[in-house]
Amino acid sequence: MAIALLAGAGQLALWWIGPSVAPNDFVGPPRSGYTLINSHVTEYDVLGKQSMRLQSPHIERREGDESLYLNTPTFQLPPKVPDLPDWDGNSLYGWVNKEGTLLKLQGPVYLHRPAYTDTKGVAQAETIMHTSEVTAWPKEQRMETAEPANIVQGQRTISGVGMRASLNDNHLELLDASHITFPPRTPKPPSGRPAAPKPARTAASDGKTG
């Protein structure tokens, strides 16, 4: 009986001072890599709305890495405001992180938005952007680059080195060597009303009165 009590006390002491058993967090075999050919991927925000549509002839997910590697991707960024046109773009290579919150566009990057009329009834010109090496946050519709950027909006041209842009509110920031070219102002047309005749000047008399 005494031996049994001593053995029980020893086991309790071992449990008390011994290291805790590591929890078993095994949830299944690791997910293997795969390759997708001519694929289409759609990302959604927390409200269930589309934040990005992505197409690529070759998407690779490497084993042990849950990010995606893209060849010659094309993509669309739907606006937050309904009934406005998407931003369309393409690049040479791309990379998307595991959560789908970060997109890197490598090589030359092209962005385009067609002309449209905004919610206030104001006409907005077509916008074309050429740059490279872009880091973008699709769910927030923000992007930035440290490389030269050239933007053409209608007859206005904007260029600089280093750019930050928020596509939701059309906010653009150029960090260095910025240059903007505005189109010449169109002269106002004449009103069409005839000019008022100038009053006749009264001739002064130089005669003397007697």
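From a predicted model like this one, the values you see are computed outputs, not experimental measurements.
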Minimum heavy-atom distance Glu43-Gly100, with the two atoms named: OE2-CA, 3.8 Å
salt_bridge(Glu144, Arg142) N-O dist < 4.0 Å: no
If you apply the rule side-chain contact (heavy atoms from CB on, under 4.5 Å), what do you find for Tyr44 with Lys49, and how did you get there? CA-CA 5 Å; Tyr44 294 88; Lys49 297 181 179 180; 5.9 Å; no
Determine whether Met129 and Phe182 fall in the same hydrophobic cluster, where Ile, Leu, Val, Met, Phe, Trp and Tyr are linked whenever their side-chain heavy atoms lie under 4.5 Å apart. yes
Interatomic distance, CG@Leu70 vs CG@Leu54, rounded to 0.5 Å, equals 5.0 Å
To the closest 0.5 Å, what do you measure between CD1 (Ile180) and CZ (Arg156)? 7.0 Å
Residue pair Gln55 / His40: nearest heavy atoms and the distance that separates them: CG-ND1, 3.1 Å
Side-chain heavy-atom pair Pro138, Thr101 within 4.5 angstrom cut-off: no
Classify the angle between the aromatic ring planes of Trp95 and Tyr69 as parallel (below 30°), tilted (30 to 60°) or perpendicular (above 60°). perpendicular
Answer yes or no: is there a side-chain heavy-atom contact under 4.5 Å between Gln106 and Leu92? no
Which heavy-atom pair separates Val161 from Ala177 by the least distance, and what is that distance? CG2-CB, 4.2 Å
Measuring from Asp88:CG to Thr74:OG1, what's the distance to the nearest 0.5 Å? 8.5 Å
Compare every heavy atom of Ile128 with every heavy atom of His130, then report the nearest pair and how far apart it is. NE2-CG2, 3.7 Å
How many angstroms lie between OG1 in Thr119 and CG in Leu84, if you round to the nearest 0.5 Å? 7.0 Å
Distance from Thr127 atom OG1 to His112 atom NE2, nearest 0.5 Å? 8.0 Å
Is it the case that over 12 heavy atoms from other parts of the model lie below 6.0 angstrom from the NZ atom of Lys98? no
Check: Ser39 and His58 side chains under 4.5 Å, non-hydrogen atoms: no
Within the 4.5 Å heavy-atom criterion, are Asn150 and Thr131 side-chain neighbours or not? no
Any side-chain donor near an acceptor of the partner, Gln153 and Gln124, under 3.5 Å: no
Rounded at 0.5 Å granularity, tell me how far OG in Ser51 sits from CG in Leu103. 10.5 Å
With side chains defined as the heavy atoms from C-beta onward, is the minimum distance between Asp86 and Arg113 less than 4.5 Å? no
Polar side-chain atom of Thr145 near backbone of Glu133 as donor-acceptor pair, under 3.5 Å: yes
Locate the shortest heavy-atom distance separating Ser56 from Ile59; write the atom from each residue and the value. CB-CG1, 3.6 Å
Could you pull out the closest heavy-atom pair between Val109 and Ser91, with the gap in Å? CG2-CB, 3.9 Å
Within the supplied structure, the quantity of interest is the number of heavy atoms (other residues, nucleotides, ligands) at a distance under 6.0 Å from Gln155 CD; does it exceed 12? no
